[in-house]
Amino acid sequence: RHLPMILAQEYPGDWEVVVVDDASTDETAIVLQEFCEKNERLRVVRINDKVFPGKKYALSQGVAAARFGHLFLTDADCEPASVHWLRRMAETFMAKPETEIVLGYGPVKASGAKAINAWNRFETAHTAIQYFSFALAGMPYMGVGRNLAWKRQVFDRTGGFSGHLELPSGDDDLLVNAAAVASNVAICLHPESFVYSAACDTRGDWFRQKRRHLSAGSRYKPLHKLILAMVSLSHTLHYFLFAVLLLTGFGTVSVVFIYLFRSFSLLYLYGRILPKLHEFRLLSQVPIYDTLLAAYYGAFVPLSLINNRHAHTWK
């Protein structure tokens, strides 16, 4: 469904599209053959047997088959916002010669008025704000595979996915975590470079997706895990202590002042950032979703890390 937009990219240089057919059992191979007959730019790599969970082995074969040194990655269920996605990401590469990794933005499509869709969009935006901000602060730690680019030398230097091939997730963030430093990472926030994906249909789908992603976070560099844990802990403690101190009547005026100060600061920052991500309509829901994030950090994340037996499920 989204391959025509990939093939329609307008880029002045020489480029190709490599599609990896990861042991499909439907009519994918036939459909791809029809695409190949009409598009000389398209090449297909076929994986016959599914040996490892996730898509890392398939991606490795795609990288090995690629003819060029700059690789731009996305997923089959994702669609670029425009025909200039490739050009905008490439321009970010060319802006600084030392750039080896470009982090793009992969928002969730707005679909109807479902609460799960709004929450997906907010949580995706919040995650992007965090990893973009860390990258701008000189501590890049992750990216998302639906909109990510890196030079082949990064893949070769880090050993690709060989260190975590058994994990179904981590094809994006673990590679960035291993290879990224302050000087070799750039971010691309041009709206034409966004790559959209569909939201999870149900809460269960979202929970399973997050548990799978968390399995990769345990392999981050120790410093990154420590700082991210501190960020999550501070977020959770803010709401937990607010409730406890109010109930005990301890310093009520000061507690309310601190709560309101953070709330207004949060709204100001989101008000500046969300328009850049084309998600300004979420601003009115920030107080609610920020509270839910505290619950996510305080309850869901620890429980998932303790009991992660379903993290290897991959559909």
Side-chain angles (χ1 to χ4, degrees), residues 9 11-16 18 55-56 59-60 62-75 78 80 84-107 124 126-165 167 169-195 213 216-228 230-231 273 276-277:
Q9 292 299 300
Y11 182 72
D14 194 11
W15 60 287
E16 65 174 349
V18 178
K55 59 181 180 179
K56 292 174 186 171
L59 278 175
S60 298
V63 172
R67 293 191 293 123
F68 298 101
H70 291 74
L71 296 106
F72 300 77
L73 296 95
T74 190
D75 295 331
C78 299
H84 303 298
W85 164 63
L86 178 59
R87 181 168 66 88
R88 295 299 184 184
M89 293 287 282
E91 288 173 348
T92 307
F93 257 125
M94 306 310 169
K96 295 190 303 179
E98 63 269 28
T99 300
E100 294 182 311
I101 301 170
V102 175
L103 309 178
Y105 179 44
T124 299
H126 171 81
T127 301
I129 290 169
Q130 186 163 283
Y131 71 75
F132 283 140
S133 298
F134 271 77
L136 290 172
M139 191 180 292
Y141 73 95
M142 69 162 283
V144 291
R146 56 188 177 271
N147 194 6
L148 181 65
W150 30 262
K151 292 182 179 179
R152 185 194 298 272
Q153 64 200 41
V154 168
F155 190 80
D156 296 337
R157 188 171 68 240
T158 58
F161 309 126
S162 58
H164 43 86
L165 199 58
L167 288 178
S169 60
D171 55 274
D172 43 14
D173 52 349
L174 290 183
L175 184 70
V176 173
N177 197 260
V181 294
S183 59
N184 73 345
V185 173
I187 70 172
C188 184
L189 280 177
H190 196 287
E192 291 182 337
S193 73
F194 292 177
V195 175
H213 292 170
S218 63
R219 304 286 187 94
Y220 284 6
K221 292 176 181 176
L223 178 61
H224 294 162
K225 287 195 290 186
L226 175 62
I227 293 176
L228 290 171
M230 291 174 63
V231 171
I273 297 171
K276 296 180 181 296
L277 304 181

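As the structure is a prediction and not an experimental result, all values here were calculated from the model.
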Trainee: Tell me, do Met142 and Tyr220 make a side-chain contact under 4.5 Å, heavy atoms counted?
Mentor: yes
Trainee: Does any N or O in the side chain of Asn147 come within less than 3.5 Å of the main-chain N or O of Gly104, such that one atom is a donor and the other an acceptor?
Mentor: no
Trainee: Of all the heavy-atom pairs spanning Gly143 and Leu103, show the shortest one and how long it is.
Mentor: CA-CD2, 3.9 Å
Trainee: Give the minimum heavy-atom separation between Arg67 and Glu16, together with the two atoms involved.
Mentor: N-OE2, 2.7 Å
Trainee: Using every non-hydrogen atom in the two residues, find where Trp85 and Pro80 come nearest and quote the distance to one decimal.
Mentor: CB-CB, 3.7 Å
Trainee: Working to the nearest 0.5 angstrom, can you tell me the gap between Thr158 OG1 and Asn177 CG?
Mentor: 11.0 Å
Trainee: Mind listing the closest non-hydrogen atom pair of Gly160 and Leu175 along with its distance?
Mentor: O-CD1, 4.1 Å
Trainee: Could you tell me which residues satisfy side chain to side chain donor-acceptor pair (under 3.5 Å) with Gln130, sequence neighbours excluded, listed by chain and number?
Mentor: Tyr141
Trainee: Measuring from atom CG of Asp171 to atom CG of Leu59, what distance do you get when rounded to the nearest 0.5 angstrom?
Mentor: 5.5 Å
Trainee: Using a 6.0 Å cut-off, check whether atom CE of Met230 has over 12 heavy atoms from anything other than its own residue.
Mentor: no
Trainee: Taking the side chain as C-beta and beyond, is there a heavy-atom pair between Leu174 and Leu167 under 4.5 Å?
Mentor: yes
Trainee: So do Met89 and Gln9 actually touch side chain to side chain, heavy atoms under 4.5 Å?
Mentor: no
Trainee: If you take all heavy atoms of Ala135 and Ile187, which pair is closest and at what distance?
Mentor: CB-CG2, 4.1 Å
Trainee: Going through the distances and angles, do Phe93 and Cys188 end up as a side chain to side chain contact (heavy atoms under 4.5 Å, CB included)?
Mentor: CA-CA 9 Å; Phe93 257 125; Cys188 184; over 6 Å; no
Trainee: Is Leu71 close to Phe155 at the side-chain level, that is, under 4.5 Å between some pair of heavy atoms?
Mentor: no
Trainee: Hey, does Val63 have a side-chain heavy atom less than 4.5 Å from the side chain of Val18?
Mentor: no
Trainee: So Phe68 and Trp15, ring-ring contact (aromatic ring centres under 6.0 Å, His included) or not? Walk me through it.
Mentor: CA-CA 8 Å; Phe68 298 101; Trp15 60 287; 9.4 Å; no
Trainee: To the nearest 0.5 angstrom, please state how far the CZ atom of Arg219 sits from the CG atom of Asp173.
Mentor: 11.5 Å
Trainee: Test of understanding: with salt bridge (charged side-chain N to carboxylate O under 4.0 Å, His left out), list the residues that count as partners of Glu192, not counting sequence neighbours.
Mentor: Arg88
Trainee: Kindly compute the distance separating NZ (Lys55) from CG (Leu73), expressed to the nearest 0.5 Å.
Mentor: 8.0 Å
Trainee: Is any side-chain heavy atom of Val176 closer than 4.5 Å to one of Tyr131?
Mentor: no
Trainee: What is the minimum heavy-atom distance between Pro107 and Thr124, and which atoms define it?
Mentor: CA-CG2, 4.2 Å
Trainee: Assess whether atom NZ of Lys276 is packed by more than 12 heavy atoms of other residues, nucleotides or ligands within 6.0 Å.
Mentor: no
Trainee: Look up atom CG in Leu189 and atom OH in Tyr105, then write down how far apart they are to the nearest 0.5 Å.
Mentor: 9.0 Å
Trainee: So how far is it from Thr99 OG1 to His70 NE2, rounded to the nearest 0.5 Å?
Mentor: 9.0 Å
